Amino acid sequence: MGAQCRALRVTLRIGSLEDGRDSLDHEATWLLGHTQRIQFGELWDDGEDVYVQATIHVPCRFYSEEGDKATCRMYEYRSPKPRPATRASQPRQLERDHFVVVSDGDVVIRRLDFPKRSLPILNGSNPCATAACETSDHTRKAACCRDLEIEVMCGEKNQRLESLIHYRKSPYLCKVERAGAFSISAEVISACAYLGDDGVACSLHGRYREDQRPAKPDLCSEWPHEGKGLHPGCVFKDGKTV
């Protein structure tokens with residue numbers, strides 16, 4: 001047994017440079033916001049696509065701990081329980097309206113303000129505030145801000161990594177499918193660090209970058225057509241909106 005029993009180090013694809021830096025900034029800000037179970041490392045590109053190094057802190061489904069012992073139920077291995085993996089802090093909301101975002105392909109700290117002149121917002125205008133949505137681990141509220149799809153770079157010949165991904169503990173990492181010859185798609189439950197104290201409101205909502213682009217990633221406002229792919233209890237399910 002080893003570190004792979006508790007977490008996986010992988011390379012995640014963020015998107016294509018053909019989509020433009022502005023689009024990739026939004027994609028990367030969104031992805032790197034989901035820090036609950038993913039530790040993000042360095043961003044890089046190969047001239048065509050942008051990637052990020054990451055560690056997914058979801059254990060193998062066959063790994064268990066009892067007292068000071070660890071067990072692999074597949075191979076019946078037993079060993080002393082390893083020390084917990086060290087995880088560096090990954091704050092996304094900082095003091096005085098400063099946030100960690102991706103800008104021009106770099107992870108930076110920016111002050112993100114509300115516009116000086118903005119229309120008043122009616123109380124209760126957030127339709128998700130009282131929604132009964134939940135992720136598959138039965139965590140209520142803001143399910144779409146806790147669930148995300150990732151693309152893991154894993155060639156067809158890398159059967160060891162592919163097996164390790166398939167055997168993660170469900171539902172925290174599930175719906176694993178081969179996306180092509182070089183990558184695998186999967187779904188991870190890892191809450192977004194931009195969520196407010198109430199677990200629903202987005203701390204980036206309504207804020208703007210210096211270049212007047214919205215601070216909130218644009219894909220957060222792109223709902224699936226015809227209510228497809230939504231979580232149980234979502235207010236937008238079956239075309240219902242408020």
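Only a predicted model underlies this, so the values are computations on that prediction, with no experimental measurement involved.
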Exercise for the section: Kindly work out whether a path of hydrophobic side-chain contacts (I/L/V/M/F/W/Y, heavy atoms less than 4.5 Å apart) joins Ile109 to Leu31. Expected result: yes
Handout entry: Glu48 side chain near Ser16 side chain, heavy-atom distance below 4.5 Å
Key = no
Practice task
Would you please test Gln4 and Arg160 for side chain to side chain contact (heavy atoms under 4.5 Å, CB included) and show each step?
Solution key: CA-CA 11 Å; Gln4 76 280 357; Arg160 179 177 184 273; 3.9 Å; yes
Practice task
Indicate yes or no: at least one non-hydrogen side-chain atom of Glu177 is less than 4.5 angstrom from one of Ile184.
Solution key: no
Completion exercise
Separation between CZ (Phe62) and CE (Met74), nearest 0.5 Å, reads 3.5 Å
Exercise for the section: Count the heavy atoms belonging to other residues, nucleotides or ligands that lie under 6.0 Å from OH of Tyr167, then report whether that count exceeds 12. Expected result: no
Completion exercise
Distance col, row Cys174:SG vs Ile165:CD1, nearest 0.5 angstrom, shows 13.0 Å
Exercise for the section: Give a yes or no on whether a salt bridge exists between Arg13 and Asp49, defined as a side-chain N under 4.0 angstrom from a carboxylate O. Expected result: yes
Problem - Side-chain H-bond candidate by donor/acceptor type, Glu151 with Ser183, under 3.5 Å - result: yes
Practice task
Count the heavy atoms belonging to other residues, nucleotides or ligands that lie under 6.0 Å from CG of Leu94, then report whether that count exceeds 12.
Solution key: yes
Exercise for the section: Grab the two heavy atoms, one from Val102 and one from Ala28, that are nearest each other, plus how far apart they are. Expected result: CG2-CB, 3.7 Å
Practice task
Determine whether Leu204 and Cys220 make a side-chain contact, defined as any pair of heavy atoms from C-beta on separated by less than 4.5 Å.
Solution key: no
Completion exercise
Under a side-chain separation threshold of 4.5 Å, the hydrophobic residues clustered together with Leu195 are none
Exercise for the section: Decide whether Tyr63 and Glu65 meet the rule of one side-chain donor and one side-chain acceptor closer than 3.5 Å. Expected result: yes
Completion exercise
Rounded to the nearest 0.5 angstrom, the CD1-CG distance for Ile189 and Asp137 is 4.0 Å
Practice task
Using the side chain to side chain contact (heavy atoms under 4.5 Å, CB included) rule, take Leu161 and Val10 through it: C-alpha gap first, then chi angles, then the decisive distance, then the call.
Solution key: CA-CA 9 Å; Leu161 177 57; Val10 297; 4.3 Å; yes
Exercise for the section: Apply the test side chain to side chain contact (heavy atoms under 4.5 Å, CB included) to residues Lys69 and Arg78: give CA-CA distance (whole Å), side-chain angles for both, the deciding distance (0.1 Å), then the verdict. Expected result: CA-CA 7 Å; Lys69 299 294 184 181; Arg78 287 178 62 85; 3.6 Å; yes
Handout entry: Check: His57 main-chain N/O paired with Arg6 side-chain donor or acceptor under 3.5 Å
Key = no
Handout entry: same_hphob_cluster(Val100, Leu43) at 4.5 Å side-chain heavy-atom cutoff
Key = yes
Problem - Enclosure of Asp197 CG (heavy-atom neighbours >12, cutoff 6.0 Å) - result: no
Exercise for the section: In plain terms, say whether Asp25 and Arg213 are close enough for a salt bridge, that is, a side-chain N and a carboxylate O under 4.0 Å apart. Expected result: yes
Exercise for the section: Take Phe99 and Arg110, measure what side chain to side chain contact (heavy atoms under 4.5 Å, CB included) needs, and give me the verdict at the end. Expected result: CA-CA 6 Å; Phe99 296 82; Arg110 291 286 186 266; over 6 Å; no
Practice task
Verify the neighbour count for atom NZ of Lys216: are there more than 12 heavy atoms of other residues, nucleotides or ligands below 6.0 Å?
Solution key: yes
Practice task
Run the salt-bridge test on Arg178 and Glu162 with the 4.0 Å N-O cut-off and return the result as yes or no.
Solution key: yes
Handout entry: Hydrophobic cluster identity match, Leu24 and Leu219, side-chain contacts under 4.5 Å
Key = yes
Handout entry: Closest non-hydrogen atom pair between Ala186 and Val176, with its separation
Key = CB-CG2, 4.1 Å
Problem - Interatomic spacing from CZ in Arg87 to CD in Gln39 - rounded to 0.5 Å - result: 5.5 Å
Exercise for the section: Check whether any side-chain heavy atom of Arg37 lies under 4.5 Å from a side-chain heavy atom of Ile56, and answer yes or no. Expected result: no
Problem - Beyond-backbone contact of Thr11 with Val52, side-chain heavy atoms, under 4.5 angstrom - result: no
Practice task
Decide whether Val107 and Ile150 are clustered together by the hydrophobic rule: side chain heavy atoms of Ile, Leu, Val, Met, Phe, Trp, Tyr closer than 4.5 Å, transitively.
Solution key: yes
Practice task
Would you mind reporting whether Phe40 and Leu12 have side-chain heavy atoms less than 4.5 Å apart?
Solution key: yes
Practice task
Of all the heavy-atom pairs spanning His98 and Arg96, show the shortest one and how long it is.
Solution key: ND1-O, 2.8 Å
Handout entry: Student check: side-chain heavy atoms of Arg168 and Cys60 closer than 4.5 Å
Key = yes
Practice task
Only counting residues at least two apart or in another chain, list the ones meeting side chain to side chain donor-acceptor pair (under 3.5 Å) with Arg111.
Solution key: Asp113
Handout entry: Minimum heavy-atom distance between Ser190 and Gln36, given as atom pair plus value
Key = OG-N, 3.1 Å
Practice task
Nearest 0.5 Å please: distance from the CZ atom of Arg73 over to the OG atom of Ser64.
Solution key: 5.0 Å
Practice task
Check whether any side-chain heavy atom of Leu173 sits under 4.5 Å from a side-chain heavy atom of Glu187, and report yes or no.
Solution key: no
Handout entry: Other residues, nucleotides, ligands: >12 heavy atoms within 6.0 Å of Glu210 CD
Key = no
Problem - Greater than 12 external heavy atoms within 6.0 Å of Arg9's CZ - result: no
Problem - His34 side chain vs Trp30 backbone, donor-acceptor pair below 3.5 Å - result: yes
Practice task
Can you see which heavy atom on Met1 is nearest to which on Thr71, and at what distance?
Solution key: SD-C, 3.9 Å
Problem - Minimal non-hydrogen separation, Arg207 against Leu112, with atom names - result: NH1-O, 2.8 Å
Practice task
Indicate if Leu148 and Val58 have the same hydrophobic cluster label, given that clusters are the connected sets of ILVMFWY residues with side-chain heavy-atom separations under 4.5 angstrom.
Solution key: yes
Practice task
Please assess Arg21 against Asp45 for the test salt bridge (Lys or Arg N to Asp or Glu O under 4.0 Å), listing each intermediate value before the final yes or no.
Solution key: CA-CA 12 Å; Arg21 280 292 180 187; Asp45 70 73; 3.5 Å; yes
Problem - Side-chain donor-acceptor contact under 3.5 Å, Thr29 with Arg209 - result: yes
Exercise for the section: Determine whether the side chains of Thr135 and Arg146 contain a donor N or O and an acceptor N or O closer than 3.5 Å. Expected result: no
Exercise for the section: Examine distances only and state if a side-chain atom of Gln90 and a backbone atom of Ile38 form a donor-acceptor pair shorter than 3.5 Å. Expected result: yes
Handout entry: Interatomic spacing from CG in Asp211 to CG in Asp104 - rounded to 0.5 Å
Key = 8.5 Å
